[in-house]
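Accompanying notes for the structure given below.
No experiment lies behind these values; they were computed from the predicted model shown. Both counts, for ligands and for their atoms, begin at 1 and track the order of listing.
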Amino acid sequence: MEKAKYERPLINRINAGLPDKFGMSRTMEAITHIDTIPVKDLIDEYGSPVFVLSEKTIKDKLSQAKKAFTTRYPKVQFAWSYKTNYLNAVCQIYHREGSWAEVVSGFEYDKAIENGVAGNHIIFNGPDKSKDDLRKAIKNASLIHIDHFDELYTIMELAETMEETPKLAIRINMDTGIYPQWDRFGFNYENGDAWNALTRIMLNGKLELVGLHTHIGTYIMTPGAYGIATSKLAQLAVRIDQKFNHKIKYIDMGGGFASENTLKGAYLPGTDTCPSFDDYAEAITNALINSEINPEDLPVLFLETGRALIDDAGSLLGTVLANKRLADGRRSTIIDIGVNILFTSFWYEHHIVPAQNTTQHTEDTTIYGPLCMNIDVIRAAIQFPLMNKGEHIVISRIGAYNMTQWMQFITLRPNIVLIDSEKNVHVIRKNETRESMTDLENVPEYLNPSK
Ligand SMILES: *Cc1c(COP(=O)(O)O)cnc(C)c1O
């Protein structure tokens, strides 16, 4: 065999901001109002920065998603992914709209119970469920999605001593054509672990297998991957029926639908490239209705969509602190929003615009946060108009994950307000104070300065 010809590797710099072949416009539309409330009023009243959530957008998105699925499949149930945004006010909106709760820790489980969610409407996912968590979930008839064999054995042990029959599903990971595979959660389909776990549950006698679960990843741009995943779960459902004459009640396809944010390095904006709810619904429901499952036994389709439902409903308002020139002459603008409260700036090119009309001229700009930390970059390269100190900016589509993954670092976390459907504004999480931080601290007696 002839030796393949060596070609040197080539690294291409991403030139963000340059006009592409579609001649994308560089002028920026200011966002002056959110749900009819002036941005300036919100900042004057609740401080800068401030997170703003729109109840109207939350409801609109959920109803779009529901419509996409319920028009294609008879039995659909949404469950709100708590970790995506577990502010109680937000969870309550979803629960009132009919969503169950999907939780991944004991803390989130207790939060759902406190929010009034019925135990049998809580889906308990995740690799970390303590024995006490599991006991509680079994008592409350919650749907426990097993992550690994050790968890299954703990549940078997508990079932021996408890009256209630645990309601179980297993999480299954598989090859759907998406790489790298998310094979760290649940039981693998291809290597037989999933079938092995299902068989052990069925043979046990004290456990009830109610469903099959997968969550193939997040920000999945290819609806076809969901089609493959659904077919594989449907095949397992058919095999269980054949071997044990047992029908599972539901198939849970998890979350992972992309929001319209733009990933770093993407050539086109997410608004142009992200699949719609209809695209995902088409792939999933086609795979279900075309499977070998008897039509009268079709399982309920559960969806745990997080990001795609709430990203659009969140905006982060802030203020320009300063402008300066970097060593290479490039302009930089410093704002009061840092990566500590905008965690998603590590992977998104966030949509960031002025909150008032500015000059039409834009310049290649780096937008930094306020932290004394080199990694605090909100946008590395953006065509941005000159904004003066004290002027306001709006960052859109930040409703998912930021209000749960944020951290207290250098500055304190700000207010979160909700604009309800009647345009009333409510603080739904107060800004932190120095006391709310130091209350948790303890200085040992010998270090106490007053001694
Ligand atoms: C995080 C998570 C979700 C929500 O994922 P999104 O990508 O935000 O839709 C759903 N199910 C499970 C098990 C999760 O861990």
Applying ring pair (Phe, Tyr, Trp, His ring centres under 6.0 Å), name anything that partners Phe346, two or more places apart in sequence or on another chain.
Phe343

Please list all pairs passing the ring pair (Phe, Tyr, Trp, His ring centres under 6.0 Å) test where one or both residues lie in residues 166-185, with sequence neighbours left out.
Trp182-His215

Ring of Phe124, cation from Lys129 - is the NZ or CZ under 6.0 Å from the centre and inside 45° of the axis?
yes

Suppose we screen for ring pair (Phe, Tyr, Trp, His ring centres under 6.0 Å). Which residues come up paired with Tyr153, at least two apart in sequence or across chains?
none

Near ligand 1, which protein residues have a heavy atom under 4.0 Å away?
Ser81, Lys83, Thr84, Glu102, Asn125, Arg171, His213, His215, Thr218, Gly255, Gly256, Glu304, Thr305, Gly306, Arg307, Tyr401

Other residues, nucleotides, ligands: >12 heavy atoms within 6.0 Å of Glu292 CD:
no

Give a yes or no on whether the backbone of Asp193 and the side-chain of Asn191 come within a donor-acceptor separation of less than 3.5 Å.
yes

